[in-house]
Amino acid sequence: MTRESRGNSDDGSGARSDPQPIDLTDPDTFARALEQVETREKGNCFEDFAEGNVVEHDPGLTLTRWGNESWMSQTLNHDPAYWRTDAAEARGYEEPPIHPDYLTAATLGITVEDLSEKGGYFLGRTDVRFPETPVYAGTELHVESEVVDRATSSSRPKYGIVSWRTRGTDAETGDVLCSYERTNMIPRRDPVAADGNGEETGGSAAADDEPALPAKFVAPDGGYFEDFVDALERADGRDAAVAYRHERGRTQDDVTVASLPLATLNTAKQHHNVDVMADSPSGGIVTYGDVTRSTALGHARSDERTWREVSFDDESFHTFVAVGDTVYAFTRVLSATDDAGSDEAGTVRFEHVAFNQDDEPVYSGTRTAEIRKRSR
């Protein structure tokens, strides 16, 4: 090779080697380079979603015993059937299964890179469903989402509203393991004009004043199905409701805020990028909504004899939870019916509210679960 040809070699693909040296370790030079280069952005904008489009999320995730136990321990979900073989077998499982909260969080976490990594408020989730058959460690989770609705935001011209129907399936069998519909605000590539009326397209008008609280709240005497039936009977026909708060709280730390979502492949910068979040309303990174939810549910389950999770509906996240905030829980019992899939349990519908140390609601949703009956 001649001296003149050095620095201009071509490997046959059109690429040239040995570019002009740049001292990128010099702070001034590097700062100027950062100003000039293009940022390779992650995630999709509102305009990238069209109703009916289906997104197959890559990569998948293998559900592991370690991931399951890490999630449960950090969110105080201590149901022994998900930890101990003897307790699992007593409930009809071959071994301790994957907990529905971890399964739900893993299903959503895998979708973040494609659906919501750009940011925007998590407006809610509903129709969360699971099969009756248990899911075990070692299952490879494959996830896909369909765009079911998109709407402009008249009050927030920089955002649109997108809803997806997401399904997590067993990659080997194709069986649906978890499904739900969620709605997010998503940044627009091109903001639209705002009309200033503060309403979203397709949204409902503000609700009338809420009804007054009942004169009395009734708490069940225990955590069995019969205890919930008895409490509802005591409240029936009176100006009363069955509701109570749970004693435990869980203060958010680096593990719950950053480690748990990252373990589900949740790439949202809100949970791990302190630099980006420094100028946000929270002033720092915030807790993954499914961690907040699971923590509150863990508090609730500690005061009941849960047999099996059935479904969740009308889930909303009302404000952010940050490092140092403490998550508590409040439960209202809505109904109890003797129609569970097992003779060992009955079905109870709950309304759960997670709240922080300032008594502000941060999550709410309805839950249907099978609750164990007393041994007869």
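When a residue number appears, it is its place in the shown sequence, counting from 1.
The minimum heavy-atom distance between C178 and F130, with the atom names listed, is SG-CE2, 4.0 Å. In plain terms, the two heavy atoms of P131 and V176 that are nearest each other are CG-O, 3.6 Å. Across every non-hydrogen atom of G168 and V143, the tightest pair is CA-CG2, 4.2 Å. Shortest non-hydrogen contact noted between V274 and I285 is N-CG2, 3.7 Å.
A salt bridge between D236 and R238 is absent, with no side-chain N of the basic residue lying under 4.0 Å from a carboxylate O of the acidic one. Of the charged side-chain nitrogens involved, at least one lies within less than 4.0 Å of a carboxylate oxygen, so that R367 and E304 count as a salt-bridged pair. For D86 and R84, the salt-bridge test passes: some basic side-chain N is under 4.0 Å from an acidic carboxylate O. Ion pairing between a basic and an acidic side chain is recognised when a charged N comes within 4.0 Å of a carboxylate O; R234 and D230 show such pairing. Ion pairing of R188 with D48 is absent here, as no side-chain N (NZ or NE/NH1/NH2) approaches a carboxylate O to less than 4.0 Å. Note on D227 versus R374: salt bridge recorded, some NZ/NE/NH1/NH2 to OD/OE distance being below 4.0 Å.
Put simply, the side chain of Y121 does not reach to within 4.5 Å of the side chain of N184, judged on heavy atoms. The shortest distance between side-chain heavy atoms of L260 and T75 falls below 4.5 Å. Taking 4.5 Å as the limit, some side-chain heavy atom of S73 sits within range of a side-chain heavy atom of W83. Using a 4.5 Å heavy-atom threshold, the side chains of H99 and N77 count as touching. Taking 4.5 Å as the limit, some side-chain heavy atom of H271 sits within range of a side-chain heavy atom of V286. Contact check for P220 versus V242: side-chain heavy atoms found under the 4.5 Å cut-off. Using a 4.5 Å heavy-atom cutoff, the side chains of L76 and R248 are in contact. At least one side-chain heavy atom of L103 sits less than 4.5 Å from a side-chain heavy atom of L63.
A donor-acceptor pair under 3.5 Å links the side-chain atoms of R250 to the main chain of Q74, judged by distance alone. With H142 contributing its side chain and E172 its backbone, the two residues share no donor-acceptor pair below 3.5 Å. When atom types are taken as modelled, the side chain of D239 and the backbone of A215 share a donor-acceptor pair closer than 3.5 angstrom. S316 places no side-chain N or O within 3.5 Å of a backbone atom of H318 that could act as its donor or acceptor partner. Not a single donor-acceptor pair under 3.5 Å links the side chain of D325 to the backbone N or O of V321. With hydrogens and angles disregarded, no donor-acceptor distance shorter than 3.5 Å links the side chain of S70 to the backbone of G67. No donor-acceptor pair under 3.5 Å is formed between the side chain of N68 and the backbone N or O of Y102. T295 places a side-chain N or O within donor-acceptor distance of the main-chain N or O of V291, the cut-off being under 3.5 Å. In this structure, the side chain of T169 does not engage the main chain of A171 through any donor-acceptor pair within 3.5 Å. D358 places no side-chain N or O within 3.5 Å of a backbone atom of E360 that could act as its donor or acceptor partner.
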Decide salt bridge (charged side-chain N to carboxylate O under 4.0 Å, His left out) for E309 and R301; before the verdict, give the C-alpha distance in whole Å, the side-chain angles of both, and the deciding distance to 0.1 Å. CA-CA 11 Å; E309 296 296 333; R301 291 171 181 132; 2.9 Å; yes
For salt bridge (charged side-chain N to carboxylate O under 4.0 Å, His left out), just list the numbers for R167 and E144, CA-CA rounded to whole Å, side-chain angles, deciding distance to a tenth of an Å, and then say yes or no. CA-CA 6 Å; R167 301 191 321 155; E144 66 176 26; 3.3 Å; yes
Derivation of the ring-ring contact (aromatic ring centres under 6.0 Å, His included) call for W164 and F49: CA-CA 10 Å; W164 304 276; F49 297 105; 5.5 Å; yes
If you apply the rule side-chain contact (heavy atoms from CB on, under 4.5 Å), what do you find for K373 with E226, and how did you get there? CA-CA 6 Å; K373 295 178 181 178; E226 294 89 346; 3.5 Å; yes
Would R182 and E315 count as a salt bridge (charged side-chain N to carboxylate O under 4.0 Å, His left out) if you check the C-alpha gap in whole Å, the side-chain angles of each, and the deciding distance to 0.1 Å? CA-CA 9 Å; R182 76 157 164 144; E315 295 188 309; over 6 Å; no
Would you sort out whether R308 and D79 count as a salt bridge (charged side-chain N to carboxylate O under 4.0 Å, His left out), showing the intermediate values? CA-CA 11 Å; R308 185 178 74 88; D79 186 334; over 6 Å; no
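Between the side chains of D101 and S294, at least one donor N or O lies within less than 3.5 Å of an accepting N or O. Side chain to side chain, D23 and T25 meet the donor-acceptor criterion of an N or O pair below 3.5 Å. A donor atom on one side chain and an acceptor atom on the other are not found under 3.5 Å apart for Y136 and E95. Counted by atom type alone, E351 and T366 present zero donor-acceptor pairs between their side chains at under 3.5 Å. Checking D339 against T347 by side-chain atom types alone, a donor-acceptor pair falls below 3.5 Å. Looking only at atom types and distance, the side chain of S145 has a donor-acceptor partner in the side chain of H57 under 3.5 Å away. H246 and D303 share a donor-acceptor pair across their side chains, judged by distance under 3.5 Å alone. For the residue pair T287 and Q252, a side-chain donor N or O sits within less than 3.5 Å of a side-chain acceptor on the partner.
No path of Ile, Leu, Val, Met, Phe, Trp and Tyr side chains, each step under 4.5 Å between heavy atoms, connects L141 with Y82, placing them in separate hydrophobic clusters. Under a hydrophobic clustering in which Ile, Leu, Val, Met, Phe, Trp and Tyr are joined whenever their side-chain heavy atoms come within less than 4.5 Å, directly or via other members, V37 and I22 fall into different clusters. I161 and Y159 fall within the same hydrophobic cluster, where Ile, Leu, Val, Met, Phe, Trp and Tyr residues are linked whenever their side-chain heavy atoms come under 4.5 Å apart, directly or through other members. Following chains of ILVMFWY side-chain contacts shorter than 4.5 Å, one can reach F122 starting from L265, so the two form part of one hydrophobic cluster. Hydrophobic clustering (ILVMFWY, side-chain heavy atoms < 4.5 Å, transitive): L297 and V135 are in one cluster.
Summarising the geometry, atom CG belonging to L334 is positioned 8.5 Å from atom CG belonging to L232; distances are rounded to the nearest 0.5 Å. Atom OG1 of T139 and atom CG of L61 lie 11.0 Å apart (nearest 0.5 Å). Between the CD atom of Q357 and the CZ atom of F355 there is a distance of 10.5 Å, given to the nearest 0.5 Å. Summarising the geometry, atom CE belonging to M185 is positioned 5.0 Å from atom CZ belonging to R156; distances are rounded to the nearest 0.5 Å. Interatomic distance, CG of N356 versus OG1 of T326, reported as 8.5 Å (0.5 Å rounding). Atom CG of D313 is separated from atom CD of E181 by 11.0 Å, given to the nearest 0.5 angstrom.
Taking the centre and axis of the six-membered ring of F46, the NZ or CZ atom of R150 falls inside the cone set by 45° and 6.0 Å. The side-chain tip of R293 points at the ring of F312 from less than 6.0 angstrom away and within 45° of straight on. Seen from the ring of Y180, R125 counts as a face-on cation partner, given the 6.0 Å and 45° thresholds.
Ring orientation note: the planes of F330 and F217 are nearly perpendicular, at an angle over 60° on the 30°/60° scale. Taking the six-membered ring where the residue is Trp, W71 and Y288 present perpendicular rings, their angle passing 60° and hence far from 30°. The aromatic rings of F228 and F350 sit perpendicular, their planes meeting at an angle over 60°, well past the 30° parallel limit.
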